[in-house]
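Taking it in order: structure first as structure tokens, then the write-up.
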Amino acid sequence: MSRTPRTYWVAGTAVLLALLFAAAATVAAASGGGAAPRGAGSPALHSPDAGFARDMAVHHQQAVEMSFIVRDGTQDEAVRSLAYDIANTQANQRGMLLGWLDLWGLPKVVAGEPPMSWMGAEGGGRSGHEGHQTAKPGSLMPGMATKEELAALDAATGREAEVLYLQLMTDHHKGGVAMARGCAEQCATPVERELAEGMVAAQQSELTLMADMLRQRGAAPRG
């Protein structure tokens, strides 16, 4: 039986809770000068600050979804613990990003805006070039899994689920790190730059951990 319906419900609940808790943190950060309040020098619609918030929110949502899928697909405590940490962290960060967009009076979706187009802005430097890497067919952004890969993860159990999750999440983190570096270089909002820098450090650490976990299972990252 597919685990997808329950997975979506749990993932959605986690994100909803994250949004509620993040709202207070967002207002606190703004009042302290970290994020500009609505109408007072807020980021522009197509700025790196707004583009990163929109794109990373989407990117994070898939990581949350994959993490809840694998928690249903294996009893391995190491993988389940990693999946819980990733889901909890990225749901909370997603809530903060969406909260900032609300605070700035900006939409969460912009029709016709290509994913990661903000990374090509003038002055993007190294990360601007990384932002132009091509997403694989069927994937919205570099690093993101396709619908077929999500279906395969949902159908897998045991070691197969663990290996596939670690491989997919490795790809996912690599794409996320490139995007977060772009914001760290280009975003003008201090608190958002700090969040992006923290994402880079945390996800690089998890990439090392996941490589070790794959070796323990006789596997390796893809590509």
Side-chain angles (χ1 to χ4, degrees), residues 15 18-19 22-23 25-64 86 89-136 139-145 169-207:
V15 172
L19 282 168
T26 299
V27 173
S31 64
R38 186 192 306 263
S42 298
L45 178 65
H46 296 291
S47 64
D49 306 65
F52 173 74
R54 285 190 289 267
D55 284 348
M56 189 58 86
V58 173
H59 210 265
H60 272 17
Q61 174 57 23
Q62 189 182 79
V64 172
I86 290 175
T89 298
Q90 296 208 12
N92 184 57
Q93 291 173 346
R94 183 175 187 270
M96 294 176 69
L97 294 166
L98 295 176
W100 286 331
L101 288 170
D102 283 340
L103 191 68
W104 298 332
L106 297 175
K108 299 177 180 66
V109 178
V110 177
E113 181 182 63
M116 300 175 72
S117 57
W118 58 272
M119 292 185 72
E122 185 178 353
R126 170 173 51 80
S127 291
H129 293 292
E130 290 177 349
H132 285 104
Q133 60 183 297
T134 303
K136 61 191 172 187
S139 175
L140 183 62
M141 286 179 263
M144 291 187 69
M169 192 58 71
T170 293
D171 293 344
H172 204 273
H173 271 19
K174 288 178 179 177
V177 166
M179 196 190 308
R181 281 178 175 154
C183 179
E185 294 176 2
Q186 298 182 59
C187 290
T189 307
V191 70
E192 191 175 19
R193 284 201 311 272
E194 291 172 6
L195 176 64
E197 291 165 356
M199 288 179 185
V200 172
Q203 292 192 26
Q204 285 181 323
S205 177
E206 287 174 345
L207 281 169

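For residues 171-191, the pairs satisfying ring pair (Phe, Tyr, Trp, His ring centres under 6.0 Å) are His59-His172, with sequence neighbours left out.
Of all heavy-atom pairs spanning Phe52 and Cys187, the tightest one is CB-SG, 4.2 Å. Glu192 and Cys183 get closest at one heavy-atom pair: CG-SG, 3.9 Å. Summarising the geometry of Ala184 relative to Ala196, their closest heavy-atom pair is N-CB, 3.9 Å, with the distance given to 0.1 Å.
Among the candidates Leu195, Val58, Asp55, the single residue satisfying the side chain to side chain contact (heavy atoms under 4.5 Å, CB included) test with Leu97 is Leu195.
Here Pro107 pairs with Leu45, Val110 under the side-chain contact (heavy atoms from CB on, under 4.5 Å) rule; sequence neighbours left out. With sequence neighbours excluded, the residues satisfying salt bridge (charged side-chain N to carboxylate O under 4.0 Å, His left out) with Glu113 are Arg54. For Ser47, the side-chain contact (heavy atoms from CB on, under 4.5 Å) partners at least two apart in sequence or on another chain are Pro43, Ala44, Asp49, Ala50. With sequence neighbours left out, the side-chain contact (heavy atoms from CB on, under 4.5 Å) criterion links Ala202 to no other residue.
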_Criterion side chain to side chain contact (heavy atoms under 4.5 Å, CB included) on Glu206 and Met169, from CA distance to verdict_ = CA-CA 9 Å; Glu206 287 174 345; Met169 192 58 71; over 6 Å; no
*Assess whether side chain to side chain contact (heavy atoms under 4.5 Å, CB included) is satisfied between Gln204 and Val200, documenting all intermediate values.*
CA-CA 6 Å; Gln204 285 181 323; Val200 172; 3.7 Å; yes
*Could you check Met96 against Met56 for side chain to side chain contact (heavy atoms under 4.5 Å, CB included), going step by step and ending with a plain yes or no?*
CA-CA 11 Å; Met96 294 176 69; Met56 189 58 86; over 6 Å; no
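Rounding to the nearest 0.5 Å gives a distance of 9.5 Å between CG of Asp171 and CG of Leu207. In this structure, CZ in Arg181 is found 14.0 Å from CD in Gln186, a value given to the nearest 0.5 Å.
Panel note: side chain Gln62, backbone Ala145; a donor-acceptor pair is recorded below 3.5 Å. Judged by distance alone, with hydrogens and angles left aside, the side-chain atoms of Arg193 form a donor-acceptor pair with the main-chain N or O of Ala188 at under 3.5 Å.
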